[in-house]
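Worksheet: the structure to be examined is printed underneath.
Only heavy atoms go into these numbers, but all of them, side chains included; no hydrogens, no water, no symmetry mates. Being a predicted model, the structure only gives us computed values, none of them experimental.
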Amino acid sequence: MKRRTLLGAALAGAVVTPALGAATARAADPGPSVTQTGNTLLDSQAIYFVSYDGLVNNNSFQKNALLTYKGYQYAVWYTADRNAVVGRRVLGSGTWSTVKVGHTLRYNDSHNVISMGVSKVDGRLHLNMDSHSDGFTYVKSVAGLMDDPAGLSWTTSRFGAPQSTLDGLALTSQFTYPQFVSTPDGKLQLSYRVGISGNGRNALAEYDGTSWTNLGEWTSSTGTYTSEHGSSTARNMYLHGIDYDRNGRLHALFTWREQSNSVMCNSGGITNHDTGYVYSDDRGRTWRNNAGTVVGTTGGSDRVSVTDAGLVVDALNPDHSLMNQESQWTDSAGRPHAIISYVPGRFGQCTTNYVANRTANGRAFLVRKSASGPWVKTEIPVPLNSSQRTKLVMDKYNNAYAIFPFGRIAGATAASGHTDWKILFDGSGLNAFGEVVFDESRIAQDNVLSVMYQVKSSGTTPSALRVIDFALPA
């Protein structure tokens, strides 16, 4: 593909008014609310170490650390003795049953998360874990375990031996960021990165109930990006998420990270720039930009590139410490939304220390495709007080919820166009470390928001890992 255009140029730095692109909502629809219904203990002594300013049991790109399927909820984490475990409970129960799956964490790197997925076609639970630009470990359950949880005992024998391939399919020696996605037809896809930060490509593999197939890479790391400061010829696309909507469209919002620091005003920042968007209507085989033009083919020679036209929906240069891998959601009409965060220009046009600057002045923004078509950006008026990431969820009325570091939750109504943000839960009493993860699948099952967090500790002293539940508007 050829040149790069900035669809979101008019949005850069803007804060919208409620009149812009308000989502469809009936007057009788309730606004956002969270009512705490429980707080359960997963592990009193979960592994604790800080690396890359995060924890291995609570990382924004972890999909899924919590998962709900057919009336049971599942959780994955590493214990103090480094064992990978899977817990499950009946929805609403305060008691979790756990099993070890035969793998121990190799080293202290917060990227080496455990991610879960369910292949609905054969009722298996799949785990991918312990990787950061190297090999991975893969474990899958026996067929039918997820379909008959009450009838099948929860024991280690229900899981196969750990593997370094996907049932014999070797993907890459530089593997990172496993994210399982269930397809509308019951198959399971695995999204992952090939390569390293600043020089990597996104790829997909697919499981059909019998075997895994490597669909291939769909993004490019090549091409020249030029800012006002300098140029870079290598990069990687960081996903804010990859999700199917109820109509079967696969959505991906993202930011680019450049390899060369020359694109920044100061080397203490982050080389992330721009918020982009692509989608696929053929299960991730081909990718289209916001205008519907094909910009890449998975496994083909033409992949989604920084030089492609029509990718950017919110333009931002690399001088504001834009965070990667935050969060996305699609509403009931299939419209994509994302939370992004950075240091707005009113606090200066050049960040010099991304941790300090984001903690002091970082703000989160909701970027969404409006019902009328244009993309709209709204600042969420809650200081981050952290360098870390914020999560996004929407309820059945399309109200939006931002789950901030430390477990704070803010909400905004669909009727206002998601502009009337207010704090719904201040996180007091949790003593959460920072980033949290939540159960994407449970919201549709019983209208409950489950958030997993780890209690703040110091050094490498283990701490409690907990799940707090909130009822959303009925």
Non-hydrogen side-chain atoms of Trp212 and Leu190 separated by less than 4.5 Å: yes
Sidechain-backbone polar pair: Asn39 side chain, Arg466 backbone, donor-acceptor under 3.5 Å: no
Which value, rounded to the nearest 0.5 Å, describes the distance between Trp421 atom CH2 and Tyr401 atom OH? 10.0 Å
Out of Gln328, Gln179, Arg249, which residue meets the side chain to side chain donor-acceptor pair (under 3.5 Å) rule with Asp243? Gln328
Kindly give the heavy-atom pair with the smallest separation between Pro344 and Phe365, and that separation in Å. CG-CZ, 3.9 Å
Side-chain touch Gln445/Asp439, heavy atoms, less than 4.5 angstrom: no
Answer yes if the ring centres of Tyr74 and Trp96 are under 6.0 angstrom apart, and no otherwise. no
For the pair Glu326 and Arg389, find out whether any cationic side-chain nitrogen is under 4.0 Å from an anionic carboxylate oxygen. no
Please tell me if the side chains of Leu250 and Ile242 come closer than 4.5 Å, counting only heavy atoms from C-beta onward. yes
Could you pull out the closest heavy-atom pair between Val99 and Trp154, with the gap in Å? CG1-O, 3.3 Å
Return the CG to CD distance between Leu67 and Gln73, rounded to the nearest 0.5 Å. 8.5 Å
Nearest-0.5 Å distance, CD1 of residue Ile403 to CZ of residue Phe438: 5.0 Å
Return the orientation label for the Trp287 and Trp218 ring planes: parallel under 30°, perpendicular over 60°, tilted otherwise. parallel
Lys/Arg N to Asp/Glu carboxylate O, Asp208 vs Lys187, below 4.0 Å: no
Given the options Asp43, Asn57, Asn58, Asn83, Trp77 meets side chain to side chain donor-acceptor pair (under 3.5 Å) only with Asp43
Where do Tyr238 and Ser197 land on the side-chain hydrogen bond (donor to acceptor under 3.5 Å, both in side chains) test, with the steps shown first? CA-CA 9 Å; Tyr238 274 121; Ser197 176; 3.1 Å; yes
Check: His111 ring centroid to Phe61 ring centroid under 6.0 Å: yes
Determine yes or no for a side-chain-to-main-chain donor-acceptor pair under 3.5 angstrom, with Thr351 supplying the side chain and Gly269 the backbone. no
Please report the C-alpha distance between Ser458 and Thr461 in whole Å, then the side-chain angles of each, then the deciding distance to 0.1 Å, and finally whether the side-chain hydrogen bond (donor to acceptor under 3.5 Å, both in side chains) criterion is met. CA-CA 6 Å; Ser458 60; Thr461 302; 4.6 Å; no
When you measure from the side chain of Tyr397 to the backbone of Ala474, do you find a donor-acceptor pair of N or O atoms at a distance under 3.5 Å? yes
Kindly say whether Gln388 contributes a backbone atom to a donor-acceptor pair with the side chain of Ser386 at under 3.5 angstrom? yes
The test is side-chain contact (heavy atoms from CB on, under 4.5 Å); show your working for Thr255 and His240 and say whether it passes. CA-CA 8 Å; Thr255 185; His240 291 308; 4.3 Å; yes
For Phe159 versus Leu145, what's the shortest heavy-atom pair and its separation? CZ-CD2, 4.1 Å
Can a donor-acceptor pair be found between the side chains of Tyr207 and Asp122 at a distance below 3.5 Å? yes
Is the backbone of Asp319 close enough, under 3.5 Å, to the side chain of Asn317 for a donor and an acceptor to pair up by distance? yes
Walk me through it: do Ser321 and Ile270 pass the test side-chain contact (heavy atoms from CB on, under 4.5 Å)? CA-CA 5 Å; Ser321 291; Ile270 316 175; 4.3 Å; yes
Considering all heavy atoms of both residues, which atom of Phe49 and which atom of Leu105 are nearest to each other, and what is their separation? CE2-CD2, 3.8 Å
Pairwise side-chain contact, Leu125 with Arg158, heavy-atom cut-off 4.5 Å (strictly under): no
Given 3.5 Å as the limit, does a donor-acceptor pair link the side chain of Ser119 with the main chain of Leu188, or not? no
4.5 Å side-chain heavy-atom contact, Trp375 and Asn290: yes
Of the non-hydrogen atoms in Pro32 and Gly411, which two are nearest, and what is the gap between them? CG-C, 3.8 Å
Below 4.5 Å, heavy atoms only, C-beta onward: do Val382 and Arg408 meet side chain to side chain? yes
Heavy-atom donor-acceptor pair, Gln62 side chain to Ile114 backbone, under 3.5 Å: yes
Atom NZ of Lys396: over 12 foreign heavy atoms under 6.0 Å: yes
Please lay out, stage by stage, how Tyr244 and Arg283 fare under the test side-chain contact (heavy atoms from CB on, under 4.5 Å). CA-CA 9 Å; Tyr244 284 96; Arg283 306 293 191 264; 3.6 Å; yes
Evaluate the side-chain proximity of Thr390 to Pro405: yes if any heavy-atom separation is below 4.5 Å, no if none is. yes
How far does CG of Leu366 sit from CE of Met394, to the nearest 0.5 angstrom? 7.0 Å
Just by distance, do the side chain of His418 and the backbone of Asn398 share a donor-acceptor pair under 3.5 Å? yes
Could you go through Leu472 and Val34, starting from their C-alpha distance and side-chain angles, then the distance that decides it, and tell me whether this counts as side-chain contact (heavy atoms from CB on, under 4.5 Å)? CA-CA 5 Å; Leu472 299 176; Val34 291; 4.0 Å; yes
Out of curiosity, His320 NE2 to Ile340 CD1, how far, rounded to the nearest 0.5 Å? 11.5 Å
When you measure from the side chain of Asn236 to the backbone of Arg201, do you find a donor-acceptor pair of N or O atoms at a distance under 3.5 Å? no
Would you call Glu206 and Arg285 a side-chain contact if the rule is heavy atoms closer than 4.5 Å? yes
If you compare all heavy atoms of Asn324 against all heavy atoms of Arg257, which two are closest, and at what distance to 0.1 Å? OD1-NH2, 2.8 Å
Taking only Lys NZ, Arg NE, NH1 and NH2, and the carboxylate oxygens of Asp or Glu, determine whether Asp469 and Arg89 approach each other closer than 4.0 Å. yes
For a side-chain hydrogen bond (donor to acceptor under 3.5 Å, both in side chains) check, start with the C-alpha distance between Tyr78 and Asp130, then their side-chain angles and the critical distance, and finish with the verdict. CA-CA 10 Å; Tyr78 295 105; Asp130 204 0; 4.6 Å; no
Donor-acceptor contact below 3.5 Å, side chain Ser387 vs main chain Val355: no
Looking at Arg368 and Asp331, is there a salt bridge between them, counting it only when a charged N and a carboxylate O are closer than 4.0 Å? no
Ionic contact status for Glu440 with Lys391, cut-off 4.0 Å: no
Separation between OH of Tyr277 and CG of Leu311, rounded to the nearest 0.5 Å: 12.0 Å
